[in-house]
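Throughout, protein chains are lettered first and strands after them, A, B, ... in sequence-line order, and every chain is numbered starting at 1.
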2 protein chains.
Amino acid sequence: MASRLPASFTRFSAQNLAILGPLRSGAADSKADLAKVTGLSPSTITARIDELIGLGHVVEVGDGVSRGGRRPRTLALRRDAGIVGCVDLGVDRTSIGLVDLSGALLARGDLDLDISSGPDLVLAEVWSALKALLASDSEHSRRLLRGVSVGVPGPVSSESGRVVAPSRMPGWNGTDVARILGGIAGVPILVNNDANLMAVGEFASGDRTEPNQVFVKAGSGIGCGIIARGELFVGSRGAAGDISHVAVPDAPPVPCSCGRYGCLDALASGNALVRELQNAGLEVANVEAMIALARDADPVATRLLREAGSMTGGVLASIVNFFNPGRLIVGGVLSQSEVFVAGVRSTLYAQCLPMATDQLTITTPLRPGDCGLLGAGTVFLDRLFSEQGL
Amino acid sequence: MASRLPASFTRFSAQNLAILGPLRSGAADSKADLAKVTGLSPSTITARIDELIGLGHVVEVGDGVSRGGRRPRTLALRRDAGIVGCVDLGVDRTSIGLVDLSGALLARGDLDLDISSGPDLVLAEVWSALKALLASDSEHSRRLLRGVSVGVPGPVSSESGRVVAPSRMPGWNGTDVARILGGIAGVPILVNNDANLMAVGEFASGDRTEPNQVFVKAGSGIGCGIIARGELFVGSRGAAGDISHVAVPDAPPVPCSCGRYGCLDALASGNALVRELQNAGLEVANVEAMIALARDADPVATRLLREAGSMTGGVLASIVNFFNPGRLIVGGVLSQSEVFVAGVRSTLYAQCLPMATDQLTITTPLRPGDCGLLGAGTVFLDRLFSEQGL
DNA sequence: GCGGCTTAGTCCATTATCAAACAAAGTTCC
DNA sequence: GGAACTTTGTTTGATAATGGACTAAGCCGC
C-alpha cells in the first residue's frame with residue numbers, strides 16, 4: 001500500500017495520539033518501544049501503526065541497531081506531511097520561519113518591520129514574506145501549509161486570544177491577530193506571547209528532562225515564559241510571566257509607563273538602558289549598539305548592563321524561591337551581553353535560598369536567534385497532535 | 001450480591017479510576033452523568049459500576065431528582081470503606097484529625113506539642129493521640145486506618161521526602177518523618193509542607209473551578225502553597241512556595257536568620273512581630289495575643305500588623321504578576337487579623353498590573369482552622385485513588 | 001558455525017468496549 | 001388523564017483491544 005501524503009488532518013483518535021506522542025518526542029522509534037512506552041499491547045501497536053502508515057502520517061525509515069536480538073524497524077513521523085509558518089513579531093524586527101512536522105526549522109528570514117505601523121499593515125507584510133519563503137524552495141512549497149503560529153511582544157488573553165494592553169505595541173490593543181491573519185492566509189492561526197514561545201522552544205529543543213523551567217526574555221522589554229510540569233503555563237488570564245512591572249528591590253524610584261516607580265521594565269529593559277545612555281550623551285541607536293559599546297569596554301554601557309543584570313537577578317530571585325524551577329534560561333538580546341548575564345547570575349545566587357539554587361541550572365538559550373520560531377512551531381504542532389486538534 | 005467492605009485497596013485500573021474520579025469530586029453521581037463526564041459508553045459504565053459495587057467501593061444511595069425524565073439512581077463512593085489520619089504539625093501546637101474516604105473531617109483535636117522536642121518524641125505523641133481519637137468513637141475505630149498524612153512547617157524534599165533545612169524545626173533537619181511514623185504506626189505515611197496542604201485543602205473544599213490558586217500561610221512564619229492547573233505544584237525540589245526569604249521591596253534592612261537582610265520572614269512573620277512588640281516593651285506571649293491586642297485597638301500592634309500585611313502584599317504582588325492566579329487565599333493565624341488582610345489587599349492592588357488583578361479573588365480560608373487537615377486528607381486520598389496507589 | 005539466548009514483530013482466541021435498540025420511569029401540556 | 005417527549009439505565013450483536021503463543025531475526029560463546 002503506497003502511503004500518500006494526507007491532504008488534511010482529521011482529528012486523531014486518543015489511541016493514535018498515544019502513539020504519535022512518543023514518536024514525536026523521540027521517546028520511542030519502533031513498535032517494541034512504543035508498546036513499552038504507551039503500555040499498549042504489541043498487537044494493538046501493529047494495528048494502529050498500520051493505520052497511521054496508511055493515512056500517511058508515519059513511515060518506516062529503515063532498521064535500527066540491535067539490542068541483543070532482532071533489530072527493530074525504526075518508525076518516524078512523516079515530517080514532510082505538512083509545513084507550519086512561524087512568526088516572531090518584534091518591536092522593530094520580525095523573524096519568520098518554516099518548520100516541518102517534526103518541528104525542525106527548514107528556513108528562516110528577518111524583516112525590518114515597525115510594529116507601530118499597526119496590525120493590518122504588519123500582518124499583510126508578514127504574510128507576503130511567508131509566501132515568499134514558501135516559494136523560495138520547491139521542497140517547501142510542495143508541502144501543505146497547515147497553519148501559522150505567531151508570537152507577539154505583549155500579553156495575549158487566554159480566553160479571547162486578543163492582544164491586551166501591550167505597552168510596546170501601539171495600535172494593537174484588543175487586536176485579534178488570529179482573525180486578521182487567518183482572513184488573509186486562510187489557514188489556522190495561533191497567537192501567543194513571545195516570551196512564552198521562547199520558553200517552549202528552548203524546552204522542546206533543549207533539556208526536556210527538567211519539567212519546571214523559566215525563560216527570561218530580556219530584550220527591549222522584559223518578560224518571561226513558564227514551563228510547569230513540562231507544559232507551558234499561562235495563568236488564569238494568560239498573563240503569567242509578565243514581570244515588566246514587578247518592583248525591583250532596593251532600586252531608585254524611576255518612573256514607569258505603568259504609573260508607578262521602580263518597575264523592572266523602567267530600570268533594566270533594553271529600552272530603559274538605551275534611553276539612559278542617550279541621556280548620558282552617548283549616541284546609541286538601539287540595544288544592539290549598546291551591547292557592542294559594552295563589548296568595546298565602554299565603562300558606562302558596561303556598568304549599566306551589569307546593573308540591569310543585577311536588578312533582573314534580584315527580581316528573578318523571588319521568582320526562583322517561589323517557583324523553584326530546575327532550569328532558568330536567560331534569553332533575549334541582552335543575554336548576548338556577558339556582563340548582563342553575569343549580573344543576573346551573581347545577584348540570583350546571592351539572594352536565593354541554597355535549596356532553591358543548588359539544583360538550578362542557569363544558562364543562555366541553545367539557539368538564541370531561533371528559539372522564538374521553534375517555540376511557535378512546537379506550540380502549533382502540539383495543538384495539531386492533540387485531542388483538541390485545529 | 002452483598003457489598004462488603006474492602007479489606008485492602010488493590011490498585012485500581014485506569015478505567016475504574018476514570019469512574020472513581022468524578023464520583024469522588026462530585027462531578028457525577030449517577031451512571032448517566034458518569035457516561036457524559038468520562039466519555040465511556042453507558043454499557044461500560046454499568047459493567048464497571050457493578051464491579052466497583054461488588055468490590056465494596058461504591059454504593060447506590062437512593063434516587064436523585066428527575067431532570068425531565070426517569071430519575072437517576074445516585075451513586076456514591078463508599079466513604080466508610082476506610083479512614084485516614086491527618087496531622088498538621090505546628091511549632092507549638094499540632095492539630096490531628098480523621099477523614100473518611102470522601103475527605104470529610106470526622107473528628108479533630110489539638111495537642112500542645114513543642115516541635116523542638118524532636119521527631120521521635122513528637123511523632124510518638126502524635127501517634128498515641130491519633131489512636132485515642134480513633135478509639136473515641138466506635139464508628140471510627142470500626143473503619144480501617146489506611147494511612148496517615150502529615151504536614152510539617154518546613155520544606156520537604158520531593159525526592160527523598162525528608163525535611164530539609166527547616167528554620168522553625170530545630171532537630172528535624174534531614175528527618176524522614178514517613179519512616180519514623182510508619183515504623184510506629186505500621187501504615188503508609190505521606191509528608192508534605194503545611195502551606196502546601198492548606199492550599200490543597202482550601203482548593204478541594206472551596207472553589208474548584210479556578211485551577212490556579214496561591215495560598216499564603218501567614219503564621220509564626222510565612223510560606224505559601226501553589227495550585228497550578230488544579231494540582232499541587234511543588235517545583236523541581238519540592239521547595240516551591242517558600243517565600244520566607246524573599247526580599248521585601250522598600251523595607252528596612254532587618255537582619256534575618258538566613259544571613260541576609262530585609263527578608264519577608266524577618267519583617268512580617270508572626271514571630272518577627274511578636275519580637276518587635278516585646279522590644280517595644282509590651283507583654284505578648286505569642287501571635288494570638290498580639291492579634292487580640294490589635295483587636296483591642298492597641299496602636300502599636302495594629303500598626304505592626306498593617307505594615308506586615310502591606311509588606312506581605314508587596315511580595316505577593318510580584319508573585320501575582322508572575323503567576324497570574326485566579327484566586328489568592330490569605331490564611332494562617334495572621335489572617336484572623338482584619339488589619340493584616342486589609343494591608344495585604346491594599347498593597348497588592350496598588351502594586352499589581354490591572355490585568356493580573358481584575359479577575360483575581362482575594363479571600364481568607366473558608367475553614368481557617370481545618371484547611372491544613374483537610375488538605376492532608378485530600379493529598380492522601382488523591383494518591384490512594386491514583387494509578388500510583390500507595 | 002551451530003545451539004541457546006534475546007529482542008522484534010505477528011497471529012489468534014478471549015475479553016472488554018461500543019453503538020444502537022429497547023425498556024423503565026417521569027415530566028409536560030393539551 | 002393520556003399521548004408525546006425526556007431522561008435513565010439495560011440488553012445485545014458488532015467491533016476493537018488484549019495477552020499469550022508463535023515466527024522472525026540477530027547476538028553470543030564455544
Side-chain angles (χ1 to χ4, degrees), chain A residues 1 3 10-23 25-55 57-78 387, chain B residues 1 3 10-23 25-55 57-78 387:
Chain A
M1 177 174 302
S3 59
T10 51
R11 209 173 290 139
F12 296 103
S13 72
Q15 202 117 50
N16 280 351
L17 287 172
I19 288 178
L20 287 168
L23 273 184
S25 72
D29 67 343
S30 68
K31 293 186 183 177
D33 275 9
L34 281 167
K36 260 175 234 151
V37 170
T38 62
L40 296 169
S41 72
S43 38
T44 307
I45 298 287
T46 300
R48 305 282 98 228
I49 287 289
D50 285 351
E51 182 185 332
L52 286 169
I53 289 179
L55 286 170
H57 292 299
V58 170
V59 275
E60 283 192 354
V61 292
D63 288 356
V65 291
S66 165
R67 274 177 285 182
R70 170 174 173 174
R71 77 187 155 219
R73 269 179 276 169
T74 33
L75 301 166
L77 199 85
R78 187 85 182 248
E387 271 148 59
Chain B
M1 176 173 300
S3 59
T10 51
R11 209 170 292 141
F12 295 104
S13 71
Q15 202 112 56
N16 280 351
L17 286 172
I19 287 179
L20 288 169
L23 273 184
S25 71
D29 67 344
S30 68
K31 292 185 185 178
D33 274 9
L34 282 168
K36 261 174 234 153
V37 170
T38 61
L40 297 169
S41 73
S43 42
T44 307
I45 297 287
T46 300
R48 305 281 98 232
I49 288 289
D50 284 351
E51 182 186 331
L52 286 168
I53 289 179
L55 286 170
H57 291 299
V58 170
V59 275
E60 282 192 355
V61 292
D63 288 356
V65 292
S66 165
R67 274 178 284 183
R70 171 174 173 174
R71 75 184 158 226
R73 268 180 276 168
T74 35
L75 301 165
L77 200 85
R78 186 85 181 247
E387 272 149 59

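- Straight-line distance from the CD1 atom of Ile49(B) to the P atom of dT8(D): 15 Å, rounded to whole Å.
- Between Arg73(B) and dT8(D) there is no side-chain polar atom (N or O) within less than 4.0 angstrom of OP1 or OP2.
- Phosphate proximity of dA16(C) to Gln15(B): absent, as no side-chain N or O sits under 4.0 Å from OP1 or OP2.
- Where Thr46(B) and Ser41(A) each meet DNA chain D at their nearest nucleotide, the meeting point lying more 5' is that of Thr46(B).
- Lys31(A) has a side-chain polar atom (N or O) that falls below the 4.0 Å cut-off from OP1 or OP2 of dT10(C).
- The phosphate of dT7(D) has neither OP1 nor OP2 within less than 4.0 Å of any side-chain N or O from Ser66(B).
- Counting heavy atoms from C-beta on, the side chains of Leu75(A) and Leu52(A) never come closer than 4.5 Å.
- In this model, the phosphate group of dG26(C) is approached by a side-chain N or O of Arg71(B) to a distance below 4.0 Å at OP1 or OP2.
- Taking only side-chain nitrogens and oxygens, Arg48(B) comes nearer than 4.0 Å to OP1 or OP2 of dT17(C).
- In this structure, Ser30(A) does not reach the dA8(C) phosphate: none of its side-chain N or O atoms is under 4.0 Å from OP1 or OP2.
- Side-chain contact between Val58(B) and Ile19(B): absent, with no pair of heavy atoms (C-beta onward) separated by less than 4.5 Å.
- For the side chain to side chain contact (heavy atoms under 4.5 Å, CB included) criterion with Gln15(B), the lone passing option out of Thr38(B), Ile45(B), Leu40(B) is Leu40(B).
- Pro72(A) comes within contact range of the sugar-phosphate backbone alone, with a heavy-atom separation under 4.0 Å but no base atom that close.
- Thr44(A) has no side-chain polar atom (N or O) that falls below the 4.0 Å cut-off from OP1 or OP2 of dA17(D).
- Rounded to the nearest 0.5 Å, atoms NE2 (His57(A)) and CG (Leu20(A)) are 7.5 Å apart.
- Proximity of Lys36(A) to the phosphate of dA8(C): a side-chain N or O atom is located under 4.0 Å from OP1 or OP2.
- To the nearest 0.5 angstrom, Arg48(A) atom CZ is 12.0 Å from Lys31(A) atom NZ.
- When rounded to the nearest whole Å, the span between CD of Glu60(B) and P of dT8(D) equals 15 Å.
- Atom pair Leu34(A):CG and dT10(C):C1' shows a separation of 16 Å (rounding to whole Å applied).
- Residue side chain Ser43(B) reaches the base of dA19(C) through a donor-acceptor N/O pair under 3.5 Å, judged by distance alone.
- Comparing Thr74(B) and Gly68(B), the nucleotide of DNA chain D nearest to each residue sits closer to the 5' end for Gly68(B).
- Checked against Thr74(A) for a side chain to side chain contact (heavy atoms under 4.5 Å, CB included), the options Val59(A), Val61(A), Asp33(A) give a single hit: Val61(A).
- Residue Leu40(A) contributes atom CG, which lies 14 Å from atom P of dT17(C) at whole-angstrom precision.
- Contact annotation for Ile45(A): no contact, since no heavy-atom pair falls under 4.0 Å across all strands.
- For Arg70(A) and dA8(C), a side-chain-to-base donor-acceptor distance below 3.5 Å is present, hydrogens and geometry of angles not being considered.
- One atom, CG of Asp33(A), and another, P of dT7(C), lie 12 Å apart when rounded to the nearest Å.
- Remark: C1' of dG9(D) and CG of Asp50(B) are 11 Å apart, rounded to the nearest angstrom.
- For the pair Glu51(A) CD and dT15(D) P, the interatomic distance rounds to 15 Å; values are reported in whole Å.
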